[in-house]
Amino acid sequence: MKNHTFLPLLLLLAACSHGGPAADSAPAASTATDVAQAPADAFLAAIARHCGQAYAGRIVANAPASATPDPFEGKALVMHVRGCDEPASGLRIPFHVGDDHSRTWVLTRTGGGLRLKHDHRHADGSPDPVTMYGGDTADAGSATRQAFPVDADSVAMFEREGLKASVVNTWAMEIEPGRRFLYELARPDGRLFQVEFDLSAPVALPPAPWGADS
């Protein structure tokens, strides 16, 4: 009789030792991809907090000094956060240089991170021969900084257009919501161009960039 009494108890203890309902309900560990993608989402969200607003900028680095007139020096520099219909998927940020409204930074969420492209247009809206160049992030980056090494398509275009120096470009962006936004171009040879925008003081909205509907 004792053996029959203890058998159910032994079976119950064995089942508990191998995990019961509590073990089955434990949340699955996050994959490495989920962790790597989180900074890209946070970065886009930080910029999207400024959707619909424009900000004045200033050049904080421009080395080495150019022997020819620089198209950015002495001009009013303004960024305008647009294209906010689906900010988690991407944003468009026109970069106005004085009366030149040809430049728009295009940020897109990809499966592995973010993509930056430079949309260059003429005043009639037609694309410039050098346009839609940029690259994808090569690592997770952070919620405040993302870097974009030049991609193969851009290298091919730069070579075709005789822009040999640009085939080693790396672009970067930094965001401190409510404080500053930084755009950067860097090359291994020491070329460094940075424009910093004051996010604490919105300015009057500029006209639509060339090629935009409104």
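Values in this document were obtained by computation on a predicted structure and should not be read as measured data.
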Check your understanding: Just wondering, do Glu174 and Arg180 contact through their side chains at under 4.5 Å, heavy atoms?
Key -> yes
Practice item. Determine, stepwise, if the pair Lys117 / Asp119 fulfils salt bridge (Lys or Arg N to Asp or Glu O under 4.0 Å). Key: CA-CA 6 Å; Lys117 291 290 183 175; Asp119 186 354; over 6 Å; no
Review point. Does Val155 belong to the same Ile/Leu/Val/Met/Phe/Trp/Tyr cluster as Leu116, with side-chain heavy atoms less than 4.5 Å apart forming each link?
Key: yes
Review point. Does one hydrophobic cluster hold both Val150 and Phe193, with members joined at side-chain heavy-atom distances below 4.5 Å?
Key: yes
Revision key, fill the gap. Heavy-atom nearest pair, Met157 first then Pro129, reads SD-O, 3.8 Å
Exercise for review: Step through the shown structure and confirm whether more than 12 heavy atoms of other residues, nucleotides or ligands are within 6.0 Å of CG on Asp189.
Suggested key: yes
Review point. Can you tell me if Ser142 uses its side chain to pair, donor with acceptor, with the backbone of Arg145 under 3.5 Å?
Key: yes
Review point. Ion pair present between Asp41 and Arg109, side-chain N to carboxylate O less than 4.0 angstrom?
Key: yes
Check your understanding: Run the side chain to side chain contact (heavy atoms under 4.5 Å, CB included) check on Leu205 and His80 step by step: do they pass?
Key -> CA-CA 7 Å; Leu205 298 183; His80 183 193; 3.7 Å; yes
Exercise for review: Please confirm whether the backbone N or O of Gly52 pairs with a side-chain atom of Arg82, one donor and one acceptor, at under 3.5 Å?
Suggested key: no
Point to revise | Minimal non-hydrogen separation, Glu176 against Leu199, with atom names | key: O-CD1, 3.7 Å
Check your understanding: Does a donor on one side chain and an acceptor on the other come within less than 3.5 Å for Arg115 and Thr137?
Key -> no
Review point. Are Val167 and Val130 linked, directly or through other ILVMFWY residues, by side chains that come within less than 4.5 angstrom of each other?
Key: yes
Review point. If you round to the nearest 0.5 Å, how far is OG of Ser89 from CG of Leu107?
Key: 12.5 Å
**Study point:** Donor-acceptor under 3.5 Å (Arg187 side chain, Ala165 main chain)
**Key:** yes
Review point. If every non-hydrogen atom of Pro94 is compared with every non-hydrogen atom of His96, which pair is closest and at what distance?
Key: CB-NE2, 3.5 Å
Point to revise | Aromatic plane relationship, His50 with Tyr55 - under 30° parallel, 30 to 60° tilted, over 60° perpendicular | key: perpendicular
Exercise for review: Output the distance between atom CZ (Phe72) and atom CZ (Phe95), rounded to the nearest 0.5 Å.
Suggested key: 5.0 Å
Exercise for review: Look at the side chain of Gln146 and the backbone N and O of Ala140, then say whether any donor-acceptor pair between them is shorter than 3.5 Å.
Suggested key: yes
Practice item. Decide if atom CD of Glu86 counts as having more than 12 heavy atoms of other residues, nucleotides or ligands within a radius under 6.0 Å. Key: no
Practice item. Determine whether Ile93 and Leu77 fall in the same hydrophobic cluster, where Ile, Leu, Val, Met, Phe, Trp and Tyr are linked whenever their side-chain heavy atoms lie under 4.5 Å apart. Key: yes
**Study point:** Closest non-hydrogen atom pair between Ala40 and Leu114, with its separation
**Key:** CB-CG, 3.8 Å
Review point. Do you see a donor-acceptor pair shorter than 3.5 Å between the side chains of Asp151 and Ser154?
Key: yes
Check your understanding: If you round to the nearest 0.5 Å, how far is OG1 of Thr110 from CG of Asp136?
Key -> 5.5 Å
Practice item. Side-chain contact test, heavy atoms from C-beta onward, threshold under 4.5 Å: evaluate it for Val195 versus Arg58 and give yes or no. Key: no
Check your understanding: Taking the six-membered ring for Trp, are Trp210 and His101 parallel (under 30°), tilted (30 to 60°) or perpendicular (over 60°)?
Key -> perpendicular
Study note, to complete from the structure: Rounded to the nearest 0.5 angstrom, the NZ-CG distance for Lys75 and Asp70 is 9.0 Å
**Study point:** Closest approach of Pro206 to Val78 (non-hydrogen atoms, all atoms of both residues)
**Key:** CG-CG1, 4.1 Å
Exercise for review: Please tell me if the side chains of Met79 and Phe181 come closer than 4.5 Å, counting only heavy atoms from C-beta onward.
Suggested key: yes
Practice item. Measure the CD-NZ distance between Glu159 and Lys164 for me, rounded to the nearest 0.5 Å. Key: 5.0 Å
Point to revise | Test side chain to side chain contact (heavy atoms under 4.5 Å, CB included) applied to His122 and Asp128, step by step | key: CA-CA 6 Å; His122 295 294; Asp128 189 88; 3.2 Å; yes
Exercise for review: May I ask you to check whether His120 and Tyr133 show a side-chain donor-acceptor distance below 3.5 Å?
Suggested key: yes
**Study point:** Side chain to side chain, Thr144 and Phe43, heavy atoms closer than 4.5 Å
**Key:** no
Point to revise | Smallest separation among heavy atoms of Ala48 and Leu91, with atom names | key: N-CD1, 4.0 Å
Review point. Where do Asn62 and Glu73 land on the side chain to side chain contact (heavy atoms under 4.5 Å, CB included) test, with the steps shown first?
Key: CA-CA 10 Å; Asn62 194 5; Glu73 295 286 354; 3.4 Å; yes
Exercise for review: Rounded to the nearest 0.5 Å, what's the gap from CG on Leu185 to CH2 on Trp171? Could you check?
Suggested key: 7.0 Å
Check your understanding: Do Ile59 and Gln194 come close enough that some side-chain heavy atom pair is under 4.5 Å?
Key -> no
